[in-house]
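Since the structure comes first, as structure tokens, the remarks are kept for the end.
Just so we're on the same page: letters track the sequence lines, and every chain starts at 1.
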Amino acid sequence: MSKELSKTYDPSGIEDRIYAKWLEKKYFHAEVDERKKPFTIVIPPPNITGQLHMGHALDNTMQDILIRYKRMQGYNALWQPGTDHASIATEVKIIEKLKEQGIDKHDLGREKFLERAWEWKKEYGGRIVSQLKKLGSSCDWDRERFTMDEGCNKAVTKVFCKMHEKGWIYKGSRIINWCPVCNTSISDAEVVYEEQSGHLWYINYPLVEADGTPSKTEFLTFATTRPETMLGDTAVAVNPDDERYTYLHGRSVWLPIVNKAIPVVEDNYVDVEFGTGVVKITPGHDPNDFEVGKRHNLPIINIMNDDATINENGGEYAGLDRYEARKRIVEKLKDLGLLVKIEDYSHNVGTHDRCHATIEPLVKEQWFVKMDELIKPAVKAVQDGDIKLVPERMNKTYFNWTDNIRDWCISRQLWWGHRIPAYYCDKCGHMVVADHAVDTCPECGGHMTQDPDTLDTWFSSALWPFSTLGWPEKTKELEYFYPTDVLVTGYDIIFFWVIRMIFSGFEQMGEKPFHTVLFHGLVRDDKGRKMSKSLGNGIDPLEVIAKYGADALRLTLITGNAPGNDMRFYYERVENSRNFANKVWNASRFIMMNMEGKEIHEPKSLEPADQWILSSLNNLVKDVTENLDRYELGIAVQKVYDFIWEQFCDWYIEMVKPRLYNTDDAESQNAALWTLKTVLIDALKLLHPYMPFVTEEIFCSIQDEEESIMISKWPEYREDRNFPKQERDIEIIKSAVRGIRNVRSEMNVAPSKKAEVYVVSDKVEIRRTFEEGKLFFASLAYASEVNIQADKTGIADDAVSVVIADATLYIPFAELVDIAQEIERLTKEAERLTGELNRSRGMLSNERFISKAPEQKVAEEKAKLEKYEQMMAKVQERLTQLKG
RNA sequence: GGGGUCAUAGCUCAGCCGGGAUGAGCGUUCGCCUCACACGCGAAAGGUCAGGAGUUCGAUCCUCCUUGGCCCCACCA
């Protein structure tokens with residue numbers, strides 16, 4: 001049955017072999033089965049450009065834990081996998097690659113470019129998937145999807161058409177964020193603000209005289225960080241309540257360089273406190289100015305080309321880069337004597353989250369999703385707890401966004417992505433939005449051309465929970481698995497993705513996409529810095545797997561961290577996880593070695609130690625299950641870890657060794673072996689979601705009945721394995737042993753010396769249990785035998801005499817340290833009990849409590865009070881005894 | 001400007017929404033290669049739970065204030 005196992009656990013080789021077996025047996029595959037309850041998770045689709053990083057590793061480990069746990073609990077567990085086309089990220093990559101070959105995207109043309117993109121997808125798109133497999137992810141790979149596969153495309157087009165019909169998708173000319181490097185518009189969420197040091201230029205505009213010419217004496221001073229935008233100025237604004245400038249009302253100022261008059265407008269947007277209290281208004285290139293312009297009907301002048309060079313509206317500056325134009329305009333203003341001063345100024349500048357180029361606000365015609373109505377059910381669902389965010393504090397972040405929501409700019413000037421299903425007539429300009437290609441204009445019969453733009457990559461991700469299950473077709477999968485259960489993701493994409501999935505789910509399916517969102521934090525480096533390519537501080541999960549095994553990596557990512565918090569990753573922690581895998585391995589190896597050649601049967605009677613460990617395991621099962629149900633993955637596994645290492649390995653296995661080695665008592669030996677095996681198997685099951693490989697490997701070696709731990713049954717709490725008395729007894733024995741070890745260590749007793757311990761105690765249970773018994777702790781130090789014998793000598797009650805190296809020590813039984821410490825402890829205990837007694841008495845003398853609280857509560861309180869009083873009496877008695 | 005979050009052992013962090021700081025890993029000190037495991041075993045040292053005030057019989061946990069980090073959102077020209 002069992003075979004020779006190596007001394008240390010070596011995950012390499014084992015993991016791939018086991019994963020291949022799981023795949024072959026189709027354990028990951030879920031079919032619709034009305035007899036079973038579904039449990040569904042959709043994967044946050046990794047980008048096809050992606051390489052597995054620590055964030056993925058964490059995210060997918062969490063999902064795998066939940067899905068394996070539920071699968072073992074008997075749910076029909078589906079982990080729906082897939083990848084994301086990642087419109088802009090991929091396009092950028094392909095452009096880069098083309099550049100290496102000296103090819104420009106536009107020279108290649110759209111069609112050829114897309115061919116390259118698909119080739120690229122074919123070549124690299126599967127890379128991340130194979131990396132996820134290395135991690136042990138139990139995704140149903142037969143159902144793998146892609147955001148640009150046929151079904152998803154259908155879903156996207158359908159949603160676009162539906163929402164357009166409803167008026168919730170519209171085309172409009174608005175100020176948008178323009179990335180001059182990527183040459184596309186981007187949504188607000190994609191803008192990241194970076195602190196940049198720049199300058200504040202104070203500039204004078206001359207007032208306009210009554211005859212329409214610029215004044216030579218009267219000037220208006222204002223400050224700007226972007227002087228070049230003056231080419232597009234169409235007004236100057238002051239606050240209507242600013243008394244300094246009331247004289248300006250109704251007047252105009254002269255726009256130098258451009259040489260024309262522009263009006264002074266009054267608007268509350270202007271902050272009286274800042275700068276000079278005067279703002280130049282450039283509606284074409286500033287979101288706030290755009291709003292001001294709308295309020296005052298100001299013309300919009302676009303002065304910039306898509307590549308952020310100045311266009312023909314910039315006169316002599318046309319063709320210059322924005323920064324070059326800035327330089328020259330400042331020089332010119334200086335020459336004109338209109339430059340007042342330059343201050344150093346540090347301010348936030350919007351940049352593109354992909355390429356970090358400074359974004360340029362531009363007025364362009366783009367497609368938008370109207371958010372005000374769409375967002376309502378999404379807000380309500382979280383408010384009502386219909387969708388739970390874990391940890392709960394994420395609600396605030398969520399509402400912070402929904403309360404300030406703006407329309408979503410969904411069109412991108414990119415080629416790789418879902419092309420907008422809008423068609424325009426070349427002749428009359430008529431537009432048709434349709435879910436099929438439209439060639440001829442229904443109005444004039446002219447030729448129609450499709451909108452060149454594609455959709456924001458998050459548009460398709462928003463539909464992911466139902467598009468992957470077959471929507472818009474009415475599939476049995478959709479019926480059965482939707483709504484899904486838990487979504488696991490990082491808090492950093494709550495706006496990009498989570499909210500958009502929620503409102504899309506309600507809008508398209510009429511139902512939430514999932515009932516729980518489990519957020520995790522960022523994985524940082526050992527110094528707490530974000531892992532990034534530019535810093536070069538990223539740790540490759542695949543390297544960690546290669547060196548320590550996937551189990552060790554998984555355990556490291558899950559422990560020592562509360563939900564939603566960022567975590568630091570460092571190798572010492574991985575080593576600890578690896579050590580734990582090894583510990584489990586060796587404990588199992590020990591048990592298997594002792595099982596060798598023996599027929600183990602369920603014992604007729606168990607010894608207290610066996611009952612103790614079974615009972616502890618029983619509690620553990622309950623604890624772990626409860627914590628998993630609360631998504632406390634870290635706490636749950638910590639408990640398994642402690643149980644296996646401390647209770648099971650350090651105590652139980654050591655306690656049981658004499659029985660294993662004693663061939664005279666076959667019954668006792670069998671009971672010990674049966675218990676070892678039983679406890680180990682259940683503990684392995686509890687550990688399996690976290691460390692799937694090592695647990696599977698051991699499980700398959702130690703028993704023949706079942707072929708895989710991953711489809712075995714999750715342990716359940718059993719009343720018949722609840723032995724509270726034995727738990728207490730063994731705890732006392734443990735504290736006795738600890739006390740003895742303590743004394744040994746402090747007295748520096750040579751390992752070869754034998755320690756004899758005589759217990760004289762009124763603890764009847766102990767006496768009965770270990771009467772003339774022998775506890776052998778090989779690990780105590782060499783040959784330390786602890787004889788616990790009753791009534792050996794007549795020492796005081798509750799004390800132990802330890803004979804070590806010919807000296808006899810007396811140790812108080814309760815603590816087995818010394819009397820002073822016990823007195824201290826008891827004094828504290830008395831203090832605590834005083835508090836408890838006061839509270840309890842207070843409550844019971846409170847009429848309102850007596851009259852209003854449920855009877856059961858009052859009874860409980862009374863019982864408590866009685867208990868406290870008894871405890872207090874005991875403590876007091878013992879204290880006087882000790883002091884006396 | 002708005003919001004969140006953190007401050008617990010030398011380091012990194014847990015601590016179950018008021019009741020003995022039970023802590024964990026790493027590190028440190030001491031003793032051990034004991035026939036599962038030195039990726040191990042045993043023992044120990046180390047914390048006025050940031051500071052202050054309040055509520056309470058009782059606060060690391062609740063309220064307020066102060067200080068110092070981190071993050072998100074908005075963005076003032």
Side-chain angles (χ1 to χ4, degrees), chain A residues 5 7-9 188 193 200-201 222-226 229 237 269-271 273-282 286-289 345 347-348 350 392-394 396-397 399-401 403-404 491-492 494-495 521-522 526 528 548 552 556 559-562 564-568 570-573 575-594 623 626-627 630 632 634-635 638 641-642 649-650 653-654 657 661 738 741-746 748-751 777-784 825 828-829 831-842:
Chain A
L5 298 169
K7 212 170 165 181
T8 50
Y9 173 64
D188 294 333
Y193 287 88
L200 204 50
W201 284 273
F222 61 88
T224 179
T225 53
R226 295 189 299 161
T229 59
Y269 152 70
V270 181
D271 181 356
E273 306 288 322
F274 190 89
T276 60
V278 181
V279 185
K280 70 185 205 55
I281 300 298
T282 323
D286 183 281
N288 290 304
D289 293 7
Y345 188 63
H347 60 145
N348 284 331
E392 213 181 314
R393 74 180 121 89
M394 291 302 170
K396 301 204 172 176
T397 313
F399 292 132
N400 189 20
W401 174 267
D403 290 348
N404 300 298
Y491 62 72
D492 50 332
I494 180 166
F495 308 127
L522 261 40
D526 57 343
Y548 297 96
T556 305
T559 49
N561 186 249
N565 286 359
D566 289 356
M567 70 174 332
R568 295 190 194 206
Y570 41 99
Y571 277 104
E572 287 84 352
R573 294 189 47 230
E575 275 174 23
N576 177 248
S577 301
R578 186 266 323 260
N579 293 354
F580 178 62
N582 193 51
K583 187 75 185 176
V584 175
W585 178 257
N586 272 297
S588 309
R589 196 162 66 96
F590 173 76
I591 294 166
M592 285 186 263
M593 276 163 52
N594 282 284
D623 237 12
E626 279 172 5
N627 276 296
R630 299 204 327 255
E632 287 283 2
I635 293 179
Q638 189 65 50
Y641 178 102
D642 289 344
C649 292
D650 291 346
I653 290 183
E654 295 304 330
K657 275 176 179 171
Y661 300 151
R738 264 191 226 106
R741 286 171 176 170
N742 193 323
V743 172
R744 276 194 92 108
S745 188
E746 275 178 12
N748 214 1
V749 177
F777 287 85
S779 57
L780 255 180
Y782 290 118
S784 102
R825 193 187 65 85
K828 273 192 185 171
E829 177 80 8
E831 277 171 25
R832 186 183 73 87
L833 283 169
T834 308
E836 291 284 5
L837 283 167
N838 282 335
R839 184 192 57 83
S840 208
R841 284 176 186 149

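Here the nucleotide nearest the side chain of A:Lys583, chosen from B:C73, B:A36, B:A77, is B:A36. Here the nucleotide nearest the side chain of A:Tyr269, chosen from B:C75, B:A36, B:A77, is B:A77. Checking B:G2, B:C39, B:C26 against every side-chain atom of A:Asn400, the shortest atom distance belongs to B:G2. When distances are taken from the side chain of A:Tyr570 to each of B:A77, B:C26, B:G25, the shortest belongs to B:G25. Among the nucleotides B:C26, B:C37, B:A77, the one closest to the side chain of A:Asn576 is B:C26. Closest approach to the A:Phe590 side chain among B:A36, B:C76, B:U5 is made by B:A36 (side chain taken as heavy atoms from C-beta onward). Looking at the side chain of A:Arg568, the nearest of the listed nucleotides B:U12, B:A77, B:C16 is B:U12. Comparing atom distances between the A:Ala562 side chain and each of B:A36, B:A14, B:C72 picks out B:A14 as nearest. With B:A36, B:G42, B:G25 as the choices, the nucleotide that has an atom nearest any side-chain atom of A:Asp650 turns out to be B:G42. Distance from the side chain of A:Asn348 is smallest for B:C75 among the nucleotides B:A77, B:C75, B:G4.
In this model, a donor atom of one side chain and an acceptor atom of the other lie less than 3.5 Å apart for A:Tyr641 and A:Asn576.
For the pair A:Asp492 CG and B:U5 P, the computed distance is 18 Å after rounding to whole Å. Atom CZ in A:Phe274 sits roughly 13 Å away from atom P in B:G1 (whole-Å rounding). Summarising the geometry, the separation between CD1 on A:Ile494 and C1' on B:G3 is reported as 13 Å, rounded to the nearest angstrom. Atom CG of A:Asp188 is separated from atom P of B:C75 by 7 Å (rounded to the nearest Å). Atoms NZ (A:Lys657) and P (B:C41) sit 11 Å apart, rounded to a whole Å. Rounded to a whole Å, the CZ atom of A:Arg578 is 14 Å from the C1' atom of B:C26. Here the P atom of nucleotide B:U34 and the CD atom of A:Glu654 are 13 Å apart, to the nearest Å. Following rounding to the nearest Å, A:Ile653 (CD1) and B:C35 (P) show an atom-to-atom distance of 15 Å.
Going from the C1' atom of B:A45 to that of B:U29 covers 7 Å, rounded to whole Å. Look at the C1' atom in both B:C33 and B:C39: the space between them is 14 Å, to the nearest Å. Here the separation of B:C17 from B:A53, taken at their C1' atoms, is 23 Å to the nearest Å. Atom C1' of B:G1 sits at a distance of 44 Å from the matching atom of B:C57, rounded to the whole Å. Comparing the C1' positions of B:A7 and B:A44 gives a spacing of 29 Å, expressed to the nearest Å. Distance check on atom P: B:C35 versus B:U28 gives 25 Å, rounded to whole Å. A gap of 36 Å separates the P atoms of B:A50 and B:C75, to the nearest Å. B:G47 and B:U60 have their C1' atoms separated by 11 Å, with the value rounded to a whole Å.
Within the nucleic acid shown, A:Ala587 comes within 4.0 Å of at least one base atom, counting heavy atoms only. Contact annotation for A:Arg573: no contact, since no heavy-atom pair falls under 4.0 Å across all strands. Among the heavy atoms of the strands, none lies under 4.0 Å from A:Glu626. Counting non-hydrogen atoms under 4.0 angstrom, A:Lys7 reaches the backbone sugars and phosphates but no base. Note on A:Thr225: only backbone sugar-phosphate atoms sit closer than 4.0 angstrom, heavy atoms only; bases stay farther off. Note on A:Tyr491: nothing from the nucleic acid sits closer than 4.0 angstrom, heavy atoms only. Nucleic acid contact for A:Asp526: none, since no nucleic acid atom lies under 4.0 Å from a heavy atom of the residue. In this structure, A:Tyr548 reaches neither bases nor backbone, as no heavy-atom distance under 4.0 Å exists between it and the strands shown.
Proximity of A:Tyr661 to the phosphate of B:A36: a side-chain N or O atom is located under 4.0 Å from OP1 or OP2. Note on A:Asn579: a side-chain N or O is less than 4.0 Å away from OP1 or OP2 of B:G40. Proximity of A:Lys396 to the phosphate of B:G3: no side-chain N or O atom is located under 4.0 Å from OP1 or OP2. Look at A:His347 and you'll find a side-chain N or O under 4.0 angstrom from OP1 or OP2 of B:A77.
Residues A:Asp566 and A:Asn561 approach most closely at O-ND2, 3.1 Å, considering heavy atoms. For A:Gly277 against A:Val270, the heavy-atom pair with the smallest separation is O-CG1, 3.4 Å. The two residues A:Lys583 and A:Cys649 make their nearest non-hydrogen contact at CE-CB, 3.7 Å. Counting all heavy atoms, side chain and backbone alike, A:Thr276 lies closest to A:Phe222 at OG1-CA, 3.3 Å. Closest of all the heavy-atom pairs between A:Thr229 and A:Thr282 is O-CG2, 3.3 Å.
The pair A:Lys280-A:Asp289 does not count as a salt bridge, with every side-chain nitrogen at least 4.0 angstrom from each carboxylate oxygen.
Here OH of A:Tyr548 is found 13.0 Å from CZ of A:Arg573. Values are rounded to the nearest 0.5 Å. Atom CZ of A:Phe495 and atom OG1 of A:Thr397 lie 6.0 Å apart (nearest 0.5 Å).
In this pair, A:Tyr345 and A:Phe274 present their aromatic rings perpendicular. The plane angle is above 60°, beyond the 30 to 60° band.
Judged by the 6.0 Å distance and 45° axis criteria, A:Lys657 is positioned over the aromatic ring of A:Phe590.
Residues A:Asn404 and A:Met567 each lie close to RNA chain B; by heavy-atom proximity, the contact nearer the 5' end of the strand is made by A:Met567. A residue-by-residue look at A:Asp286 and A:Tyr9 shows that A:Tyr9 has its nearest nucleotide of RNA chain B further toward the 5' end.
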Dot-bracket encoding of pairs in RNA chain B, which uses [ ] for pseudoknotted crossings and | for another strand, Watson-Crick or G-U under 3.5 angstrom: (((((((..((((.....[...)))).(((((.......))))).....(((((..]....))))))))))))....
